[in-house]
Amino acid sequence: MPFKERHMENAHIADLFDQMADLLELKAEDPFRIRSYRNTARTLRDLSERVADWVEAGKSLADLPNIGKSSEDKIREILKTGTCARLEELQKEVPPGLPDLLKVPSVGPRTASELYKKLGIHTLAALKAACEKHELQTLAHMGAKTEAKILKGIVTLESSEGRILLKEATDYVESIGRLIKTIPAITKWEAAGSYRRGRETVGDLDILLHAGDRKAAIGALQQYEEISETISQGVEWLNVRLQNGLRVDFRFFEPAAFGAALMYFTGSKAHNIALRKRAQDNGWKLNEYGLFKGKKRIAGSTEADLYQHLNLAWVPPELREDAGEIAAAEKEALPQLIELKQIKGDLHCHTTATDGQNTIEEMARAALTRGYEYLAITDHSQSTRVAGGLDETRLKKHAENIRKIGGRMKNIELLAGVEVDILKNGELDLDEKLLADLDWVVASIHSHFQLSREAMTDRLVKAVESGVIHCLGHPTTRLIGQRDPIQFDFDRVLEACRKHDVLMEINSAPERMDLPDVLCKRALEAGVQFAISTDAHNTNDLDFIRYGIIVARRGWLTKKDVLNTLNVSALRKRLRKALKAQPL
DNA sequence: GCCGTTTTCGGCCCGACTGTTTTCAGTCG
């Protein structure tokens, strides 16, 4: 297999399957076959291990859900050649650009192929021009309103910034919540969707409400100052767009249906489908209004009730991805997911010694007000010059200072630590003897992100094998929507971490959320332990811990998997053990 | 194309809105 394909990401292969599904839709082929292609794409996307590695190791893909002989052949072909015959064939049968039209809201496969057949349109630009010239109205089932909607959709698409970070979505949910508190008509509300599942990015917000007087409630919601336009409104809903482009859908439900609605709008879609199928197997019907036996609603007011009727334990939203949670819920084997209140300290933060904005003492006080028993101060090492990284002399002094301040503070212990750079060749950026004297050492990559997969793997393994680091900081170095993760053999690094008792960090910074959730689960399965840290650069950033907790929950982690759930004395004990641990 | 204590065929989740039409097709979540 050529080098490039050997390292092909699952997401890339998944995209090709989605492309085939789009093309099949444009050709109006069997909808069930199309769904099957999409299911295959989803399976690939959600998989934590790379199929490229499986194939190279001679493993079969047939045990994976939604992947049969036909898909396995196509995957192997894609890995070998970068594409597959079926895709190329379909691309020849459909005009180039036509699949792009499917991205426009209210343009589906039927409309797109009609546009091409009748008007010869196969690009977004041509579609926009046709709308402006009112040519769409010449088509059947196509009037002025649809044409205007399509035109607006193209404009939005052109200016769309896509999905927003979970933190940004959270900020909007909280500001909407503050508004709702002032509206007496609204007696119950909940934000559902990918926000509730804790996905790292959110495409839109689904807000479910119950109100005695819906008209009054809608009137009051429209006063939300962030609204830039009302997309549509009815008796039971209000759809708006905010100034930043985010779409917010408010929907009203009766209490008897609220749980069913919450379940339905929380998703994921795949989780819902699995639940509905389960209902159907019992001769029932599940929809957003409840669980029905014939016309009689047998559950619907709460999620707990619905899951119970389906003979399942209640599934935390973060796990609802149809990735094994339903089988676990059936066997009462869901993990007791970690919670924010179990965190006893933060193990990664910066101060004015390097690129932080607060002093050691200020950070310590902020940690104390959050109920923490300890805080590790981990400023940068010398190579990170933009951050004013510490050389050996400055670090020694800084560590003394941390210990001195820690010594005189009550109810909180400070760990003298560092975030040491992992250099290009895998060596650490500071003398190992000095590092061994510190309480806590995080090692991170901040440069040379483009090394080959082999070199990058060697680099990380070498750092892990140094014997002086406790934790790998933001292991993939990705910045969501800005910088791709570095490429390395995750399994080899995990194996090294397990051997040398080195932890994986879950960096809680909203633009990092690194490790990502699927890798988190894989590291868990490999027997590696975690630290959930904020990488705070000021006192406020310490609150980012909530996002790390969400990643951990999506990665199926429990309290025992996370080092900083230990109280301070247990942590000290554990760290002494870690420092003494010798390579096996 | 996938799947299977109803297993190699015949199913495959469900409902609502919109805009266009007078009974429905297409899109969406």
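Computed over heavy atoms, backbone and side chain alike; hydrogens, waters and symmetry mates excluded. Protein chains get the first letters and strands the later ones, always in sequence-line order, with residue 1 at the start of each. All values derive from a computational prediction rather than experimental measurement.
- The 5' end of DNA chain B is approached more closely, in terms of each residue's nearest nucleotide, by A/Y37 than by the other of A/Y37 and A/E288.
- Taking every side-chain heavy atom of A/R251 into account, B/dG29 is the closest of B/dA16, B/dG29, B/dC12.
- Both A/A144 and A/L286 lie close to DNA chain B; mapped to their nearest nucleotides by heavy-atom distance, the more 5′-ward contact belongs to A/L286.
- In this structure, CG of A/D63 is placed 14 Å from P of B/dC2, rounded to the nearest angstrom.
- Nucleotides B/dT23 and B/dC12 place their C1' atoms 27 Å apart, quoted to the nearest Å.
- Residue A/H141 contributes atom NE2, which lies 11 Å from atom P of B/dT27 at whole-angstrom precision.
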message = Show, in sequence, the C-alpha distance, side-chain angles and deciding distance for A/L87 and A/L23, and conclude whether the side-chain contact (heavy atoms from CB on, under 4.5 Å) test is met.
response = CA-CA 8 Å; A/L87 174 62; A/L23 293 164; 3.9 Å; yes

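- Distances from the side chain of A/F265 to the nucleotides B/dG1, B/dG15, B/dG29 place B/dG29 closest.
- Across all strands shown, A/I34 has no heavy atoms under 4.0 Å from either base or sugar-phosphate atoms.
- Contact between the side-chain N/O atoms of A/K74 and the OP1/OP2 oxygens of B/dG1 is found at a separation under 4.0 Å.
- Taking atom P on both nucleotides, B/dC13 is separated from B/dC3 by 13 Å, rounded to a whole Å.
- Of the listed nucleotides (B/dC14, B/dC28, B/dC2), B/dC2 has the atom at the smallest distance from the side chain of A/S71.
- Per the geometry, NZ belonging to A/K269 stands 11 Å off P belonging to B/dC13, to the nearest Å.
- A cation-pi arrangement is present between A/K188 and A/F258 under the rule of less than 6.0 angstrom and at most 45 degrees off the ring axis.
- Going from the C1' atom of B/dT18 to that of B/dT22 covers 16 Å, rounded to whole Å.
- Of all nucleotides listed (B/dG15, B/dG29, B/dC2), B/dC2 comes nearest to the side chain of A/S36.
- How far CH2 of A/W556 is from CG of A/L337: 8.5 Å, rounded to the nearest 0.5 Å.
- Within 4.0 Å (heavy atoms only), A/W237 reaches sugar-phosphate atoms of the nucleic acid but no base atom.
- Under the Watson-Crick or G-U wobble criterion, with both distances below 3.5 Å, B/dC3 is paired with B/dG10.
- Distance, A/R278 CZ to B/dC14 C1': 18 Å, rounded to whole Å.
- Side chain of A/K285, nearest nucleotide from B/dG29, B/dC2, B/dC14: B/dC14.
- Going from atom CZ of A/F32 over to atom P of B/dC3 covers 16 Å, rounded to whole Å.
- Comparing the same atom, C1', in B/dC17 and in B/dT21 gives a spacing of 15 Å after rounding to whole Å.
- Checked against B/dC28, B/dG29, B/dC14, the side chain of A/Y264 finds its nearest nucleotide in B/dG29.
- Using atom C1' as the reference point in both B/dT27 and B/dC9, the two lie 31 Å apart (nearest Å).
- Nucleotides B/dG4 and B/dT8 have their P atoms positioned 13 Å apart, rounded to a whole Å.
- Contact annotation: A/R33 reaches the phosphate of B/dG1 (side-chain N/O to OP1 or OP2, under 4.0 Å).
- Close to B/dG1, at under 4.0 Å from its OP1 or OP2, lies no side-chain N or O of A/T40.
- For A/Y289, counting side-chain heavy atoms from C-beta on, the closest listed nucleotide (B/dA16, B/dT27, B/dG29) is B/dA16.
- Here A/S70 reaches the OP1 or OP2 of B/dG1: one of its side-chain N or O atoms lies under 4.0 Å away.
- Here the side chain of A/R110 is nearest to one of B/dC28, B/dG26, B/dC14, namely B/dG26.
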message = side chain to side chain donor-acceptor pair (under 3.5 Å), that's the test. Do A/Y224 and A/S175 meet it? Break it down for me.
response = CA-CA 9 Å; A/Y224 183 43; A/S175 89; 2.5 Å; yes

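- Atom pair A/M263:CE and B/dG29:C1' shows a separation of 17 Å (rounding to whole Å applied).
- Among B/dG19, B/dC13, B/dC2, the nucleotide with an atom closest to any side-chain atom of A/N66 is B/dC2.
- Considering only side-chain N and O atoms, A/Q280 lies nowhere under 4.0 angstrom from the phosphate OP1 or OP2 of B/dG11.
- One atom, CD of A/E114, and another, P of B/dT20, lie 14 Å apart when rounded to the nearest Å.
- Between the P atom of B/dG19 and the CG atom of A/L139 lies a distance of 17 Å, rounded to the nearest Å.
- Judged by distance alone, the side chain of A/E72 and the main-chain N or O of A/S60 form no donor-acceptor pair under 3.5 Å.
- Distances from the side chain of A/K149 to the nucleotides B/dC14, B/dG19, B/dT27 place B/dG19 closest.
- At most 12 heavy atoms of other shown residues, nucleotides or ligands fall within 6.0 angstrom of atom CD in A/Q308.
- Surrounding CD of A/Q336 are at most 12 heavy atoms belonging to other residues, nucleotides or ligands under 6.0 Å away.
- Shortest non-hydrogen contact noted between A/K167 and A/F544 is CE-CE2, 3.6 Å.
- Close to B/dC17, at under 4.0 Å from its OP1 or OP2, lies no side-chain N or O of A/S232.
- Taking atom P on both nucleotides, B/dA16 is separated from B/dT20 by 22 Å, rounded to a whole Å.
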